[in-house]
Amino acid sequence: MSFYITCAIDYPNSRPHVGTAYEKISADTIARYKRLAGEDVFFLMGLDEHSQNVEKRAHEEGLEPAAFCDRMEGVFREAWKSVNVEYDDFIRTTEERHHRAVVAMVERANASGDLYEGSYKGLYCVSCEAYYLERDLEDGLCPIHKKEPAWREEDNVFFRLSSYGDKLKALYEEHPEFVQPATRRNELLALIDEGLEDVSVSRASSGWGVPMPGHSGQAVYVWFDALTNYLSALGFPDDTDRYQRYWPADVHLVGKDITRFHAVIWPAMLMSAGLPLPATIFGHGWVLTAEGRMSKSMGNVMDPMVVAEQFGADSLRYFLLREVRFGRDMEFDYERLIGRINADLANDLGNLFQRTLTMAKKYRDGVLAAPGAGASVTGLPEKAREVVDTYREAMDRYDLQGGLVAAWELVSAANLAIDGHKPWELAREDDRTAELDSVLYELVEALRYLMVLVSPTMPEKARAMAGQLGWSLPSEEWMLDSLLESAPESVQVNPGDPLFPRLDPDDFLDPA
RNA sequence: GGCGGUGUAGCUCAGAGGCAGAGCAGGCGGCUCAUAUCCGCCGAGUCGGGGGUUCGAAUCCCUCCACCGCCA
């Protein structure tokens, strides 16, 4: 089975922040999980470069937009690398392959009779690249940028979104999973029920953008440009192998603020073009700070590279995914981050690894053989299988938090089993060596399961665990099914450095 | 203004007619393999307020308050 997952493409007019990274980390974790589950995964991200803000920013930097974007591509790629995000393709909307796809989508919509010329006039905020109604302004200013919008009137091309209401409604009803989480779906159903209005799909061109076919002086506006990236990365409009394998997408992962465009305009565009629809639009929550949403205009951004450097990329990833139910907003707070790292990673998981491997080393010189068939001594193998089921069930619903919670049930069970069986006592009793062998082996097996369950969220730490467990299978070959079927005959473990050192909050938090 | 959501322990939240729960934080105890870790025990919370239905309400109904989202 193939699995195609995309992120929103980002405006490169400023550096990515932790909020942007959250989306990529979530998508990366889903992609890695799907690979574990044995699926043929394609994971896409990229940049949305045709924005007037990008153009403006480039000129402020004294660069041509194209050169500026080339530079920002490096900045984004470096940021994603720093948080262990690995994608299969990186699409830029200024690429030739993308232009061809955009033109094809416009032509298809036109051939379906869904485009027409009209005139657009109103108050326009250049920063938002959007028109405002008088009543939506605050003291005559754009509510987001606090700038005065300018009166603008222009002839544009319009898309007949209004004629897709019934089809979208039917889509939502036949596929309740199309928009997730449910709260977003409810909002959009209400929106559709109120009646959709046609949308303008072109703008007067400054030369930066895809020229609107058949309308000189006009550039394709954001919908037909940006949304189409999901197709262009697959080679559309050519009938490529990639397109055949991966379209339609399984999930478009986007921020809750742009879920609407992905769940209304995008499927309408695809219907108009006669193309299959994606299975799910998932609207994730925002990363908030005490001052509100993390965003450039709030001036409260945190650089993911800096946070990853300070706390470890995988620890940051764990925190972001474990802290709240996926889909909801989360508050990014250093005290909480450190609390999670210490409680869950250092104390529970890290210490479990350390104590288990130390005992294996001390009592059996690190070499453990599989006990004969039969019921386990600790119950851990049975627990592990149960946890894997819960884990898969959660992850398949994109409940990334639930997957981690399930894995931690095994962590708890293993810590409990150690206290229950007291290997240090068994080691002193000559007639109980077989029991000690079994206990140690079952514990190490539990660690092997944990290594795999945790690998989508913490790929780097999973490799470190693999090293200590003497597990040499390359990460590409890690799969849940083979994990379940092939318990090793014997293992040779080597305790190493603590996986997650305990953090002292005083080292990170201001005494003030 | 319309639609929807939320309000439960110090904090974050789960529970959706049948004895108020989990994790974290805090307190006490136990263990010694371990990263001051792990294990166990410890909760006098008007379940936002008020009214109602019911043998029984965090849970269902009405109403009010506060906050949030979407739309206008």
Side-chain angles (χ1 to χ4, degrees), chain A residues 132-137 143 179 181-197 255-261 263-264 283-286 288 290 292-293 312 315 319-320 322-333 335-364 366 378 394 399 401-402 404-409 411-428 436 439-440 443-444 447 461 464 468 493 495-506:
Chain A
Y132 275 94
L133 296 173
E134 199 90 50
R135 61 166 176 265
D136 294 326
L137 300 176
V179 184
T183 162
R184 298 275 94 77
R185 177 175 180 270
N186 292 340
E187 284 174 5
L188 294 177
L189 266 173
L191 187 79
I192 291 167
D193 282 340
E194 283 170 21
L196 299 170
E197 287 182 18
K256 62 180 185 178
D257 50 331
I258 58 171
T259 304
R260 178 183 159 183
F261 307 122
V264 176
H284 68 253
W286 288 339
L288 308 172
R293 179 188 179 190
S315 297
F319 171 70
L320 291 172
R322 174 56 239 266
E323 189 68 2
V324 297
R325 160 120 64 216
F326 192 50
R328 294 167 69 140
D329 292 349
M330 70 159 332
E331 192 165 332
F332 190 94
D333 176 276
E335 210 165 326
R336 287 178 178 283
L337 170 65
I338 293 166
R340 278 281 171 211
I341 290 173
N342 281 342
D344 298 359
L345 298 179
N347 295 352
D348 291 350
L349 177 62
N351 184 56
L352 170 66
F353 247 75
Q354 189 84 347
R355 65 196 300 217
T356 301
L357 297 192
T358 301
M359 287 189 285
K361 185 73 179 175
K362 191 178 281 188
Y363 304 140
R364 290 294 181 265
T378 59
D399 178 3
Q401 181 194 43
L404 289 169
V405 168
W408 255 252
E409 281 177 30
V411 173
S412 290
N415 270 323
L416 199 54
I418 293 176
D419 286 273
H421 291 273
K422 300 181 170 56
W424 52 93
E425 283 184 9
L426 298 178
R428 283 187 233 116
L436 179 58
V439 169
L440 291 177
L443 279 167
V444 168
L447 298 188
K461 293 298 182 182
Q468 296 194 17
V493 304
D497 293 333
L499 291 167
F500 302 97
R502 234 186 115 78
L503 303 178
D504 182 351
D506 292 340

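The analysis underlying the following values was restricted to heavy atoms, covering all of them including side chains, and did not include hydrogens, waters or symmetry mates. Numbered from 1 within each chain, the chains take letters A, B, ... in sequence-line order.
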Inset, instruction - Just jot down the salt bridge (charged side-chain N to carboxylate O under 4.0 Å, His left out) partners of Glu187(A), sequence neighbours excluded, or say none. - result: Arg184(A)

Inset, instruction - Quickly work out the Leu440(A) CG to rC33(B) P distance and round it to whole Å. - result: 13 Å

Inset, instruction - Check ring pair (Phe, Tyr, Trp, His ring centres under 6.0 Å) between Phe261(A) and all other residues, then give those that pass, not counting sequence neighbours. - result: Trp223(A)

Legend entry - Between rA25(B) (P) and Arg340(A) (CZ): distance, integer Å: 10 Å

Legend entry - Residues forming a side chain to side chain contact (heavy atoms under 4.5 Å, CB included) with Ala464(A), sequence neighbours excluded: Leu499(A)

Legend entry - Separation of the P atoms in rA9(B) and rG15(B), to the nearest angstrom: 15 Å

Inset, instruction - Applying salt bridge (charged side-chain N to carboxylate O under 4.0 Å, His left out), name anything that partners Arg185(A), two or more places apart in sequence or on another chain. - result: none

Legend entry - Spatial distance of atom CD (Gln354(A)) from atom CG (Leu349(A)) [nearest 0.5 Å]: 11.5 Å

Inset, instruction - Name the nucleic acid region contacted by Lys422(A), choosing base, sugar-phosphate or nothing; use a 4.0 angstrom heavy-atom cut-off, strictly under. - result: nothing

Inset, instruction - Check step by step if side chain to side chain contact (heavy atoms under 4.5 Å, CB included) holds for Leu288(A) and Met330(A). - result: CA-CA 6 Å; Leu288(A) 308 172; Met330(A) 70 159 332; over 6 Å; no

Inset, instruction - Please tell me which of the listed nucleotides, rU12(B), rC71(B), rU35(B), lies nearest to the side chain of Pro498(A)? - result: rU35(B)

Legend entry - Distance between C1' atoms of rG21(B) and rA14(B) (Å, rounded): 7 Å

Inset, instruction - Please measure how far the C1' atom in rA25(B) lies from the corresponding atom in rU46(B), and state the result in whole Å. - result: 24 Å

Legend entry - Separation between the P atoms of rC3(B) and rC61(B), rounded to whole Å: 16 Å

Legend entry - Enclosure of Glu425(A) CD (heavy-atom neighbours >12, cutoff 6.0 Å): yes

Legend entry - Nucleotide pairing, RNA chain B (Watson-Crick or G-U, distances under 3.5 Å), in dot-bracket with [ ] and |: ((((((((.[[[[.)..(..]]]].(((((.......))))).....[[[[[..)....]]]]]))))))).

Inset, instruction - Name the nucleic acid region contacted by Gly339(A), choosing base, sugar-phosphate or nothing; use a 4.0 angstrom heavy-atom cut-off, strictly under. - result: nothing

Inset, instruction - Quickly work out the Arg336(A) CZ to rG23(B) P distance and round it to whole Å. - result: 17 Å

Inset, instruction - Would you kindly give the CG-to-P distance between Asp504(A) and rU35(B), to the nearest whole Å? - result: 17 Å

Inset, instruction - Using the C1' atoms only, state how far rA20(B) lies from rG29(B), rounded to an integer number of Å. - result: 26 Å

Inset, instruction - In whole angstrom, give me the gap between the P atoms of rC42(B) and rA22(B). - result: 10 Å

Inset, instruction - Could you tell me which residues satisfy salt bridge (charged side-chain N to carboxylate O under 4.0 Å, His left out) with Asp399(A), sequence neighbours excluded, listed by chain and number? - result: Arg397(A)

Inset, instruction - From the options Leu357(A), Ile418(A), Asn347(A), select the one residue that forms a side chain to side chain contact (heavy atoms under 4.5 Å, CB included) with Leu352(A). - result: Ile418(A)

Could you list all N or O pairs between the protein and nucleotides 36-40 of chain B that sit under 3.5 Å apart?
{"from": "rU37(B)", "atom 1": "OP1", "to": "Arg502(A)", "atom 2": "NE", "distance (Å)": "2.9"}
{"from": "rU37(B)", "atom 1": "OP1", "to": "Arg502(A)", "atom 2": "NH1", "distance (Å)": "3.2"}
{"from": "rU37(B)", "atom 1": "OP1", "to": "Arg502(A)", "atom 2": "NH2", "distance (Å)": "2.9"}
{"from": "rU37(B)", "atom 1": "O2'", "to": "Asn351(A)", "atom 2": "OD1", "distance (Å)": "3.1"}
{"from": "rU37(B)", "atom 1": "O2'", "to": "Asn351(A)", "atom 2": "ND2", "distance (Å)": "2.3"}
{"from": "rC38(B)", "atom 1": "OP1", "to": "Asp348(A)", "atom 2": "OD1", "distance (Å)": "3.1"}
{"from": "rC38(B)", "atom 1": "O2'", "to": "Arg355(A)", "atom 2": "NH1", "distance (Å)": "3.0"}
{"from": "rC38(B)", "atom 1": "O2'", "to": "Asp419(A)", "atom 2": "OD2", "distance (Å)": "2.4"}
{"from": "rC39(B)", "atom 1": "O4'", "to": "Asp419(A)", "atom 2": "OD2", "distance (Å)": "3.4"}

Inset, instruction - Answer yes or no: does a side-chain N or O of Lys256(A) lie under 4.0 Å from OP1 or OP2 of rC70(B)? - result: no

Legend entry - Contact list for RNA chain B against residues 187-196 of chain A - heavy-atom distance below 4.0 Å: Glu187(A), Leu191(A), Glu194(A)

Inset, instruction - Check ring pair (Phe, Tyr, Trp, His ring centres under 6.0 Å) between Phe500(A) and all other residues, then give those that pass, not counting sequence neighbours. - result: none

Legend entry - Atom-pair distance (CD on Glu409(A); C1' on rA22(B)), nearest Å: 12 Å

Inset, instruction - With heavy atoms under 4.0 Å as the rule, sort Pro423(A) into base, sugar-phosphate or nothing. - result: nothing

Inset, instruction - Let me know the distance between CZ of Arg184(A) and C1' of rC71(B), rounded to the nearest Å. - result: 13 Å

Inset, instruction - Would you classify rA36(B) as syn or anti? Syn applies when the glycosidic angle is within 90° of 0. - result: anti

Legend entry - Pairwise C1' distance for rU12(B) and rG26(B), with rounding to whole Å: 16 Å

Please tabulate, one pair per line, all N/O donor-acceptor pairs under 3.5 Å involving side-chain atoms of residues 336-345 of chain A, not counting sequence neighbours.
{"from": "Arg336(A)", "atom 1": "NH1", "to": "Glu323(A)", "atom 2": "OE2", "distance (Å)": "3.2"}
{"from": "Arg340(A)", "atom 1": "NE", "to": "Glu323(A)", "atom 2": "OE1", "distance (Å)": "2.8"}
{"from": "Arg340(A)", "atom 1": "NH1", "to": "Asp344(A)", "atom 2": "OD2", "distance (Å)": "2.9"}
{"from": "Asn342(A)", "atom 1": "OD1", "to": "Leu503(A)", "atom 2": "N", "distance (Å)": "2.7"}
{"from": "Asn342(A)", "atom 1": "ND2", "to": "Leu503(A)", "atom 2": "O", "distance (Å)": "2.8"}
{"from": "Asp344(A)", "atom 1": "OD2", "to": "Tyr318(A)", "atom 2": "OH", "distance (Å)": "2.6"}

Inset, instruction - Could you label the plane-to-plane angle of the Phe319(A) and Phe332(A) rings as parallel, tilted or perpendicular, counting under 30° as parallel and over 60° as perpendicular? - result: perpendicular

Inset, instruction - Have a look at Thr358(A) and say if it touches a base, only the backbone sugar-phosphate, or nothing, with a 4.0 Å heavy-atom cut-off. - result: sugar-phosphate

Inset, instruction - Considering only atom C1', compute the distance from rG10(B) to rG50(B) and round it to an integer number of Å. - result: 27 Å

Inset, instruction - Give a yes/no on whether any side-chain N or O of Arg328(A) is located under 4.0 angstrom from OP1 or OP2 of rA14(B). - result: yes

Legend entry - Spacing of Phe500(A) atom CZ relative to rA34(B) atom C1', expressed in whole Å: 16 Å

Legend entry - Whole-Å gap separating C1' (rC33(B)) and CG (Leu447(A)): 13 Å

Legend entry - Sequence-distant partners of Thr378(A), side-chain hydrogen bond (donor to acceptor under 3.5 Å, both in side chains), two or more places apart: Glu442(A)

Legend entry - Residue closer to the 5' end of RNA chain B, Val324(A) versus Arg428(A) (nearest nucleotide): Val324(A)

Inset, instruction - Mind checking side-chain hydrogen bond (donor to acceptor under 3.5 Å, both in side chains) for Asn415(A) and listing every partner two or more places apart, or none if nothing turns up? - result: Arg355(A)

